[in-house]
Amino acid sequence: MKHEGSADDRQAQTFHISDLAREFGITPRTIRFWEDQGLLFPHREGQTRVFSRRDRTRLKLALRGKRLGLSLAEIKEMIEMYDTARDESSQLLKFLDVLAERRAAFERQREDIEAVLDEIAGFEAQCRELLAQEAAAGDAARLSDAG
């Protein structure tokens, strides 16, 4: 249910749960989850949830935070800062801190993954060497039996 038209109409634009689910490629259940967590505040028209542009923006921010691996508490904090900030500098500084923490965590994970991949490569080399030794021993046994 998108209402479009004048600038005032666009400010009052509303969305049904199916509109948001389709736009963001998520399920209505995911949207209801974010609502249950207190991040979205749709009004009701009968049994139908009607979301505002503010809800749409909050959902977009929540999904972005989730993609970055932020906790629910961190996502809430970022969204609340978005809602209450008189200017964006405090929000942006906090976001930079959060991004630095996430980057550091991902760098550590990458180092861990690289270490595990090195171990796997070593195990693969050992297995291939053992298989080659067994094949060579089998060939030698067959030659001595044939001779």
Side-chain angles (χ1 to χ4, degrees), residues 1-4 10 13-147:
M1 168 186 208
K2 293 181 182 179
H3 301 287
E4 296 183 32
R10 282 192 299 275
Q13 187 175 9
T14 59
F15 309 87
H16 283 166
I17 197 167
S18 59
D19 297 327
L20 295 176
R22 189 172 30 260
E23 178 179 353
F24 292 108
I26 57 177
T27 64
R29 183 176 183 190
T30 300
I31 295 170
R32 287 190 295 273
F33 168 80
W34 290 111
E35 180 185 355
D36 290 344
Q37 299 305 310
L39 295 172
L40 304 176
F41 306 96
H43 69 274
R44 303 272 181 171
E45 290 179 1
Q47 293 287 63
T48 304
R49 290 172 171 85
V50 180
F51 296 87
S52 67
R53 289 179 60 83
R54 178 177 179 262
D55 288 316
R56 181 188 170 280
T57 299
R58 291 172 69 91
L59 178 60
K60 185 176 183 178
L61 291 171
L63 294 171
R64 186 175 294 158
K66 181 178 180 241
R67 193 171 46 250
L68 288 171
L70 301 181
S71 70
L72 181 58
E74 290 170 319
I75 291 169
K76 278 185 168 184
E77 180 182 357
M78 294 301 297
I79 290 175
E80 287 168 5
M81 287 181 72
Y82 171 81
D83 282 347
T84 61
R86 294 200 198 294
D87 67 25
E88 292 184 357
S89 60
S90 62
Q91 180 190 10
L92 292 172
L93 289 170
K94 174 63 178 171
F95 192 50
L96 283 171
D97 288 343
V98 168
L99 289 175
E101 290 173 17
R102 294 306 306 152
R103 177 184 296 278
F106 284 129
E107 291 289 344
R108 286 189 302 273
Q109 285 179 331
R110 180 173 32 195
E111 290 168 7
D112 292 343
I113 290 169
E114 287 173 0
V116 170
L117 289 173
D118 287 344
E119 283 185 52
I120 289 171
F123 291 141
E124 288 173 333
Q126 287 176 345
C127 290
R128 286 190 177 92
E129 186 178 316
L130 290 171
L131 286 171
Q133 289 172 3
E134 286 182 14
D139 289 345
R142 280 191 296 279
L143 286 176
S144 68
D145 289 345

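The shortest non-hydrogen separation linking Arg56 to Phe15 is CD-CZ, 3.5 Å. The two atoms that bring Phe41 and Arg54 nearest to each other are CD1-NH1, 3.8 Å, heavy atoms only.
In this structure, CD in Gln37 is found 11.0 Å from CD1 in Ile79, a value given to the nearest 0.5 Å. Atom NZ of Lys66 and atom CD1 of Ile75 lie 8.5 Å apart (nearest 0.5 Å). The line from CG of Leu99 to CZ of Phe106 is 10.5 Å long, rounded to the nearest 0.5 Å. Rounded to the nearest 0.5 angstrom, Leu39 CG and Leu61 CG are separated by 10.0 Å. To the nearest 0.5 Å, atom CG of residue Asp19 and atom OG1 of residue Thr14 are 8.0 Å apart. Considering CD1 of Ile26 and CH2 of Trp34, their distance stands at 9.0 Å, rounded to 0.5 Å.
The salt bridge (charged side-chain N to carboxylate O under 4.0 Å, His left out) pairs that include a residue from residues 91-108 are Glu77-Lys94, Glu107-Arg110, where partners are two or more places apart or lie in different chains. Sequence neighbours left out, the pairs with a member in residues 32-41 that pass salt bridge (charged side-chain N to carboxylate O under 4.0 Å, His left out) are Glu35-Arg44, Glu35-Arg49.
Partners of Asp118 under the salt bridge (charged side-chain N to carboxylate O under 4.0 Å, His left out) rule, at least two apart in sequence or in another chain, do not exist in this structure.
Under the 4.5 Å side-chain criterion, counting only non-hydrogen atoms from C-beta, Gln133 is in contact with Leu130.
Looking at Asp55, Leu63, Leu40 one by one, the single match for side chain to side chain contact (heavy atoms under 4.5 Å, CB included) with Ile31 turns out to be Leu40.
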